[in-house]
Amino acid sequence: MSVTASFGGREGRPPLVQLLTPEGERVEHPDFAFDLDDEAIKGFYRDLVLTRRVDFEATALQRQGELGIWASLLGQEAAQIGSGRALSAQDYAFPTYREHGVAWCRGVDPLQLIGLFRGVDQGGWDPRESNFHLYTIVIGAQTLHATGYAMGIQRDGLVGTGDPRRDAATIVYFGDGATSQGDVNESFVFASVYNAPVVFFCQNNQWAISEPIERQSRIPLYQRALGFGFPGVRVDGNDVLACYAVTKAALQRAREGSGPMLVEAFTYRMGAHTTSDDPTRYRLSEELEHWKLKDPIERVKAYLSRNGIVDAGFYAGVEAEADELAARLRAGCLSMPDPDPLSIFDHVYVETTPQLRQQREDFAGYLASFEGAH
Amino acid sequence: MSVTASFGGREGRPPLVQLLTPEGERVEHPDFAFDLDDEAIKGFYRDLVLTRRVDFEATALQRQGELGIWASLLGQEAAQIGSGRALSAQDYAFPTYREHGVAWCRGVDPLQLIGLFRGVDQGGWDPRESNFHLYTIVIGAQTLHATGYAMGIQRDGLVGTGDPRRDAATIVYFGDGATSQGDVNESFVFASVYNAPVVFFCQNNQWAISEPIERQSRIPLYQRALGFGFPGVRVDGNDVLACYAVTKAALQRAREGSGPMLVEAFTYRMGAHTTSDDPTRYRLSEELEHWKLKDPIERVKAYLSRNGIVDAGFYAGVEAEADELAARLRAGCLSMPDPDPLSIFDHVYVETTPQLRQQREDFAGYLASFEGAH
Amino acid sequence: MPGRDDAGQGAPVTVTMAKAINMGLRAAMEADPKVLVMGEDVGKLGGVFRVTDGLQKDFGEDRVIDTPLAESGILGTAIGLALRGYRPVCEIQFDGFVFPGYDQIISQLAKMHFRSLGKLRVPVVVRIPFGGGIGAVEHHSESPESLFVHVAGLKVLACSNPVDAYWMIQQAISTDDPVIFFEPKRRYWEKAVLDVAAGPLTPLHAAQVLRSGDDVTLLCWGPMVKTCLQAAEVAAGEDRSLEVIDLRTLSPLDLPVIFQSVRRTGRAVVVHESPLTVGMGAEIAARITEECFYSLESPVLRVTGFDTPYPPSKIEEDYLPDLDRVLDAVDRALAW
Amino acid sequence: MPGRDDAGQGAPVTVTMAKAINMGLRAAMEADPKVLVMGEDVGKLGGVFRVTDGLQKDFGEDRVIDTPLAESGILGTAIGLALRGYRPVCEIQFDGFVFPGYDQIISQLAKMHFRSLGKLRVPVVVRIPFGGGIGAVEHHSESPESLFVHVAGLKVLACSNPVDAYWMIQQAISTDDPVIFFEPKRRYWEKAVLDVAAGPLTPLHAAQVLRSGDDVTLLCWGPMVKTCLQAAEVAAGEDRSLEVIDLRTLSPLDLPVIFQSVRRTGRAVVVHESPLTVGMGAEIAARITEECFYSLESPVLRVTGFDTPYPPSKIEEDYLPDLDRVLDAVDRALAW
Ligand SMILES: Cc1ncc(C[n+]2csc(CCOP(=O)(O)OP(=O)(O)O)c2C)c(N)n1
Ligand SMILES: Cc1ncc(C[n+]2csc(CCOP(=O)(O)OP(=O)(O)O)c2C)c(N)n1
Ligand SMILES: [Mg+2]
Ligand SMILES: [Mg+2]
């Protein structure tokens, strides 16, 4: 594979890496090939459908007042599953608040995500187990963490050893809006200067809440990388095969010691920014209709059906699995206990302070005083 | 003139705009022409020499304990005079702490600069009079101010009117190190998105204190602009003619409404970072020797002499003027009164607060109590 | 001056605080063409709290600016615009997102006037929805006021009700000093009758005694004002007379009003959401103690958020000072 | 453990504070290969104050990292390195330059452990040379400690002398919580005899009574410790017995030591360089008043920088609390 800055051709329409058309046809790309078989594509299909179902169920739970808020990934499933499945076990991923599909690939129980948005915790999974960091809400901040973590991998001697089970990289997710943040650009500087093994995975869903991409950049985002001296590539973010292939190549490149790369997954936020948002205030429904034709799941289904790879039973099986998952999540959500009020004082420090211990005691006493009153 | 992104050719050696060689020979460039006459070049020579003399005198004053610190511009005179002389009266310049040459072009009395480094104030000149902002010490912060100011010019309707006495732009100075700061990159985003009339003038003197340029970027800095969708150009920062021509073109472009441009003036910090610095700890003296051959003043002198434009009397005249200036600065510095201690409380607010008034009164009383004790 | 859509010409209207600030912004923009509104999503969306609703439609994209997603950029360009003679009002989307722009506030905005020996003015208003109580996720419920009050060169305000909010935002915009303007987000939807014809009743940097009392002085601002008024109401039923002062201005503090009250009551409780340590309560307590030492029957007590991050929303109510915790402190003060 | 060049194996040496911290860093790096040093100019130059002098030469560029000029980048990548198991010690070149990285400290570093329910640890040390008195230009003389103490999740230290500095930096590095480590830059060149064999005399989060006295307690840290000791010396000549406590740890505060002293003396003066309003003095005064209400003969007084930016260096001495202003406050406390 050759990944060079030449992907960043600046003339004409920005090149878009695509391996599966919206109609479900496989196409070739000179630089990126999909190296898995149809079994894998079936697996992707399952991932996509289950992820979307997680999203639907969580949205429903929010509507019913069970979650404070939910950030839907509707439309971005392919970008997340494709990139998520490209990761090796030893790679480490840094998400935003919307990477439910990547979480899925990393083995994080979706119930944990639901817990966060329900407000029982701020991230209940163990990032050290899943190699999937906690959600980061401050836009862009995690790009520096990913870069630093990648610098740590370098220092551990786990770049370019040639052993695919040892060489590691980080991947960091962020949105189109995030590219305007100082932190993201600083992470490009650090990653480039130190040649850190980090893949910058930007899901350009074309909106930052109500702001269209034009409010962040007047050129395609993947070209930002050129200004920092590393390659950028735009991939069809609704094409799970292309997202997989490009991310895998970028990770491989990073693990080998060739440094960072920016992957811009060109996609579309089909839903609202979050359940608190009302996109009718700022965008036309035609845009959504247009993007529905590019639905990331439909095209995989079309491929699988058209080529007779699966039968109706397969779809029914996945559907049943999705129903089961949704039911489990709903039940799990509804039975999720509220945290102990006194847990406010836990984990502020590794080693707590006398003052905090005192505050905890005082508050415990205060709470107890009400129990007497019952 | 055509200023396009094509200046940012990424292959091979970065192109360098040069109009006057180190040997003092005029050369042509396809895109940038020097449009002034030899009289102007004589003026530049005077500017260069006087600016350098300001710098020498200030350095001497610092050595003698009269200034707390001084940031020398030695070696960067051409970048500053060339760009400074390209400004129209209505343009507004935002400097770092090292732009003594630009200050000179804007009519700021060097004594004001000396006052700042002496510690009598934090900038005594009136930026509204000189259209030269106060020195900004926090690296990169001023790039956003310049962009905002340029957005103000847009809102004033003073871009693209076609009237050269009205159309205005801002220019903002920063160093190679500064390009790593989030603020600088955010200013690139804002300027690009709003197409603001701002020229980003980066003096790449190849060092950020002890850190060589490789610690900030692995590609030439002018290429950073490409990542943000506006042109960047590298100019020989020791060539006053080229700096003038390129800056003027960039400003003109901005004033016409064609948006921002990045000018990287490739130069060299011939002195220490500041008088507090000891460059022998981190760089080789050969490097300095090499750059002495490219001295920004020598080449203008060579041009003027070689072409018989001036005689010895001209040089003597400038020298005498420099002596006079140095003497005035020295005398001015030595006779500069310390500020009134109570001025600490002035100008914290436009409208002061009762608490601050009280603090002032208390402190006045406290100071007075000592007077009684004498 | 009055907002035109809803307020008509001076007829009193019932408005939420969000709407009142919206009307105040509109009035300021009508009164002075140099006033700009800028921030993330302030345009078509009208801000995530709809505080800038309709402004871009009426004043155009040049005056109501949807910015790139970069807080330092917003604040830094606002400074530049102010240097050019504009009066930018920046919206920070949530309290927790002001910190990427903190440097521009601390080192540039706050110091520009001082640095220039008074020659430059940067009349920028930074609007920050603050505080918890809306069940949000992390970073959406911070109370960082003391991080700004500590910084010389800034003026810091916190509104607590629609009427004040309407006037205070306009007064803030017409102030030549930079102003950090805190809006208690969980009170955005509280309503009051606003009579724009009545004019501002209170000068900008004045505290306001909202309820008189003799036993203990409650000092509060922003979201805690309602809480304290409720506490005073309950206390009244138990024959305790609490004085409630809405500080409104945190920098400068309106100390005379505070001192006068505490000299009379002999007891004070400061109530705020932000963590205890080096919070505003510390400053207010220290000032009162210095000034009213011999009047104090008990130390000034503080009812505050804990010295922890804001917890997940399911236990946020335990973190936030509420009526009971205020009354508990009142009891302690009286029993001292 | 001991620095090898100068300290030999345990022989007491006379060192400056800058050198002592250098030795402490070296000892920490020798003891634990995960310890990294990073920042602007920390490599060949050894930092602008030479605190990291020689470390890159001996530990290599991978462990002593000259970073791009970006504070948020330094702190953000340090967090990432810490997540990977490293223990980065970040140098912020001057106090005024920490603010571009403030967000990473406040919203990430301070909260990562809490957010993860204790699963993640980010043992990052942020070294900040702080305070005035070296005749520097703007932004080179800030005292922002209260802006960090207010933030839950951070531990905050300030050293005042070479011996403490040597041990405290090592203790800070071995702490699993993030630590903001303030170094009083104008004391970098003060000397003391350091006996590395003696071991740390004081636990990390403990204040230290440096001079006992009965009349007034002086509370101070960092650069003001020397000032207060001098004041106590002068006061002794006037038959006033001042107790001087070097707080050393600002978050958490070592309150028992403070209370014990003030209960005895009945009077306290807090001395710090940073502005008065919502400074550390406020918190300390509020705590003392709450805890020692009936022991206090006078309100806790505060001798601090003014509520202004640090002024130009020619009048900086007027801004900084000095011996006379401390004694003046002592007089006022005694005359209350
Ligand atoms: C520093 C910061 N500023 C503002 C916000 C509020 N906010 C949350 S999401 C968002 C838009 C993000 O857009 P983008 O980066 O494109 O990601 P997307 O939500 O589209 O996935 C904003 C402004 C934030 N979380 N952090
Ligand atoms: C935010 C910030 N961090 C650190 C510093 C300290 N500092 C002053 S100048 C300098 C190097 C600047 O290098 P460069 O941008 O190349 O400009 P030059 O001094 O070479 O002109 C540094 C690190 C600062 N002033 N501001
Ligand atoms: Mg987006
Ligand atoms: Mg430089």
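Letters go in sequence order (proteins before strands), and every chain restarts at 1. Just so you know, these numbers come straight off a predicted model, no measurement behind them.
At a 4.5 Å heavy-atom cutoff, the contact between D:Arg115 and chain C is made by side-chain atoms alone. Proximity to chain D (any heavy atom under 4.5 Å) is restricted, for C:Ala285, to the side chain, taken from C-beta onward. Residue C:Glu138 touches chain D through its side chain alone, counting heavy-atom pairs closer than 4.5 Å. At a 4.5 Å heavy-atom cutoff, C:Gln104 makes no contact with chain D through either its backbone or its side chain. Using a 4.5 Å cut-off between heavy atoms, C:Ile105 makes no contact with chain D at all. For C:Leu147, the parts lying near chain D are the backbone and the side chain together; criterion is any non-hydrogen pair under 4.5 Å.
Ranking D:Ala152, D:Ala282, D:Pro144, D:Ser146 against chain C, the residue ahead of the rest is D:Ala282, based on heavy-atom pairs under 4.5 Å. Most heavy-atom pairs under 4.5 Å with chain C, from the set D:His139, D:Glu71, D:Met280: that is D:His139. When each of D:Thr277, D:Ile106, D:Val151, D:Ile288 is checked for heavy-atom pairs under 4.5 Å with chain C, D:Thr277 comes out on top.
Taking every heavy atom of both residues into account, D:Glu283 and C:Leu276 meet most closely at OE1-O, 3.5 Å. Residues D:Gly96 and C:Ser107 approach most closely at O-OG, 4.1 Å, considering heavy atoms. In terms of heavy-atom proximity, C:Pro275 sits nearest to D:His150 at O-CE1, 3.4 Å.
Residues of residues 294-315 of chain D placed with any heavy atom under 4.5 Å of a heavy atom in chain C are listed by number as D:Tyr294, D:Leu296, D:Glu297, D:Ser298, D:Pro299, D:Val300, D:Leu301, D:Arg302, D:Asp307, D:Thr308, D:Pro309, D:Tyr310, D:Pro311.
For the salt bridge (charged side-chain N to carboxylate O under 4.0 Å, His left out) test, no residue two or more places apart in sequence or in another chain qualifies with C:Asp246.
Classification of the C:Trp336-D:Phe293 ring pair by plane angle, with boundaries at 30° and 60°, yields perpendicular.
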